[in-house]
Amino acid sequence: MLTVNAIAATSPTDPLVRTTVERRDLGPRDVLIEIRYAGICHSDIHTVRGEWGEITYPLVVGHEIVGRVTEAGTEVSRHAVGDRVGVGCMVNSCRECENCRAGQEQYCLNGNTGTYASVDRDGTITQGGYSTHVVVDQDFVLRVPESIPYEKAAPLLCAGITTYSPLAHWNAGPGRKVAVVGMGGLGHMAVKIAAAMGAEVTVLSQTLGKKDDGLAFGGGDYHATSDPATFEALRNTFDLIINTVSAPIDMAAYLGLLRLDGTLVSVGAPPEPLPVPVFALFGNRRSFAGSGIGSIAETQEMLDFCAERGIAPEVEVIDADAVNEAYERVLRSDVRYRFVIDVDSLR
Ligand code: NAP
Ligand code: ZN
Ligand code: ZN
């Protein structure tokens with residue numbers, strides 16, 4: 001076992017504190033990763049505050065992890081000591097169910113093993129990336145292209161793949177009108193990726209405060225959702241809406257923005273239900289869907305896509321001691337556009 005430095009939540013309400021966690025001995029197919037940066041996802045906040053259900057404390061969160069392989073098990077063939085690597089939201093799956101066999105292990109029918117707050121194969125609770133090291137099965141470790149700086153690579157492991165996957169699945173591309181609701185960590189990546197895929201992108205944000213950024217990230221249009229005129233002006237417009245909002249939204253109002261056969265995909269995961277008035281689906285034969293992260297293969301595809309197209313998140317690098325303040329800023333929608341912890345501050 002390796003005892004490593006980390007910061008952990010100890011209750012739903014107390015600030016995160018410095019602590020240590022145990023990492024398992026390296027199995028034959030495991031790699032040991034020295035973590036360099038870890039992104040802060042809003043899911044980390046929902047989780048530690050118990051908003052998605054009870055969890056076991058203390059818990060180390062963080063599922064946007066990048067670093068370097070420092071040790072490899074005897075049977076490891078996919079990665080070597082010194083490689084730049086990343087770990088996202090899951091670290092294992094059953095590998096046997098229909099979905100795993102179809103290469104969609106994020107939808108493992110036996111439940112994928114989350115990077116944190118999941119029961120691991122040895123019965124322990126997985127502990128995430130706000131930490132100096134992690135041990136992960138080689139099959140759930142991604143290659144991080146050289147051209148993406150470490151700190152900018154981190155948010156791709158969740159915010160990047162979670163937006164890339166539905167954009168690819170619902171064919172964002174030339175001739176398609178895509179709206180992105182909420183421009184935080186996920187939202188700003190959705191804008192950049194959809195624009196790179198060739199779609200016509202509209203940003204729908206609470207205010208006009210981020211308009212210059214939204215247009216610079218590739219948005220062709222930008223509207224404030226606090227202005228009721230937005231919903232009149234954009235009625236029956238979009239083929240695809242990606243909702244990244246961490247709180248409930250007015251479903252009827254947003255569904256009304258879809259054109260014939262349009263789909264609203266929610267990746268935002270508010271703790272409360274999103275009530276869907278079915279009459280809002282009848283007009284224009286609209287669909288409402290959800291999407292969860294992406295497979296390992298698709299995550300690699302997304303990393304390579306971002307490297308090729310020169311796309312990277314906008315990050316604010318912070319020390320570990322600033323995490324609690326960063327959480328408050330995320331909750332105030334005051335993030336431009338992803339906080340990333342410099343894990344050297346934990347060594
Ligand atoms: P974030 O950085 O906080 O961004 C959320 C954005 O939503 C905010 O920046 C804000 O954008 C908007 N917003 C926040 N509160 C709002 C409110 N009350 N009303 C209207 N708009 C509001 O969060 P994130 O890290 O991108 O994550 C977003 C959501 O996705 C979270 O619920 C997270 O748990 C979920 N998530 C899901 C998956 C998945 O697999 N499906 C993966 C990762 C994260 P504007 O100010 O620009 O409007
Ligand atoms: Zn996440
Ligand atoms: Zn499975």
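Remember, it's 1-based here, ligands and their atoms both numbered in the order they're listed. None of the values given here were measured: they were computed from a predicted structure.
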Could you check Leu255, Leu240, Thr263 and say which one makes a side-chain contact (heavy atoms from CB on, under 4.5 Å) with Ser287?
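When side-chain contact (heavy atoms from CB on, under 4.5 Å) is applied between Ser287 and each of Leu255, Leu240, Thr263, only Thr263 qualifies.
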Residue pair [X] / [Y], side-chain donor-acceptor N/O under 3.5 Å:
X: Thr3; Y: Glu22; value: yes
X: Ser131; Y: Arg23; value: yes
X: Tyr164; Y: Glu301; value: yes
X: Glu298; Y: Ser165; value: yes
X: Tyr337; Y: Asp213; value: yes
X: Ser11; Y: Asp14; value: yes
X: Asp44; Y: Tyr130; value: yes
X: Thr202; Y: Tyr222; value: no
X: Ser93; Y: Asn112; value: no
X: Arg286; Y: Asn236; value: yes

Check this for me - ligand 1, [X], N or O atoms closer than 3.5 angstrom, yes or no?
X: Ala269; answer: yes
X: Arg338; answer: yes
X: Ile293; answer: yes
X: Gly185; answer: yes
X: Pro248; answer: no

Which is closest to [atom] in terms of heavy atoms, [options]?
atom: atom 10 (C) of ligand 1; options: Gly209, Ser43, Ser333; result: Ser333
atom: atom 42 (C) of ligand 1; options: Thr162, Thr207, Val267; result: Thr162
atom: atom 32 (O) of ligand 1; options: His46, His42, His63, Arg332; result: His46
atom: atom 28 (C) of ligand 1; options: Ile45, Thr244, Val265, Asp250; result: Thr244
atom: atom 26 (O) of ligand 1; options: Thr163, Thr47, Leu186, Val181; result: Leu186
atom: atom 4 (O) of ligand 1; options: Gly182, Gly184, Ser246; result: Gly184
atom: atom 47 (O) of ligand 1; options: Ala159, Ser205, Ala224, Pro155; result: Ser205

For atom 11 (O) of ligand 1, which protein heavy atom lies nearest, and how many Å away is it?
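Heavy-atom neighbour on the protein nearest atom 11 (O) of ligand 1: Met183 N, 3.2 Å.
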Identify, for atom 46 (O) of ligand 1, the protein heavy atom at the shortest distance, and state residue, atom and that distance.
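Going atom by atom, the protein heavy atom closest to atom 46 (O) of ligand 1 ends up being Gln206 NE2, 3.0 Å.
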Steps toward ring pair (Phe, Tyr, Trp, His ring centres under 6.0 Å) verdict (Phe231, Tyr254)
CA-CA 8 Å; Phe231 292 89; Tyr254 285 91; 5.1 Å; yes
Counting each atom of ligand 1 from 1 as listed, which ones have a heavy atom of [X] under 4.0 Å away?
X: Cys158; answer: 42 (C), 43 (C)
X: Trp52; answer: 34 (O)
X: Ala247; answer: 17 (C), 18 (N)
X: Val245; answer: 7 (O), 13 (N), 16 (C), 20 (C), 21 (N), 22 (C)
X: Lys210; answer: 9 (O), 11 (O), 45 (P), 46 (O), 47 (O)

Are there more than 12 heavy atoms of other residues, nucleotides or ligands under 6.0 Å from atom CZ of Arg285?
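12 or below, so no.
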So what does the Cys108 SG - the Zn ion (ligand 3) - Cys100 SG angle come to, to 10°?
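So the angle at the metal works out to 100°.
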About how large, to 10 degrees, is the angle SG of Cys94, then the Zn ion (ligand 3), then SG of Cys97?
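If I round to 10°, I get 110°.
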Contact list for residues 93-107, test salt bridge (Lys or Arg N to Asp or Glu O under 4.0 Å), sequence neighbours left out:
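Qualifying pairs: Arg95-Asp137, Arg95-Asp139.
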Could you walk me through whether Asp342 and Arg36 satisfy the salt bridge (Lys or Arg N to Asp or Glu O under 4.0 Å) test, starting with their C-alpha distance in whole Å, then the side-chain angles of each, then the deciding distance to 0.1 Å, before giving a yes or no?
CA-CA 6 Å; Asp342 181 348; Arg36 294 290 309 278; 5.8 Å; no
Are there any protein N/O/S atoms under 2.8 Å from the Zn ion (ligand 2), and if so, which?
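The answer, once waters are left aside, is Cys41 SG, His63 NE2, Cys158 SG.
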Strictly below 4.0 Å, N to O, side chains only: are Arg338 and Glu64 in salt-bridge contact?
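Yes, charged N to carboxylate O under 4.0 Å.
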Determine whether the side chain, the backbone, both or neither of Tyr327 has a heavy atom under 4.0 Å from any heavy atom of ligand 1.
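For Tyr327, no heavy atom sits under 4.0 Å from ligand 1.
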To the nearest 0.5 Å, what is the distance between CG (Asp227) and CD (Glu232)?
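Going from the CG atom of Asp227 to the CD atom of Glu232 covers 10.5 Å.
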Can you tell me if Phe339 has a non-hydrogen atom under 4.0 Å from ligand 1?
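Not so, Phe339 does not reach ligand 1.
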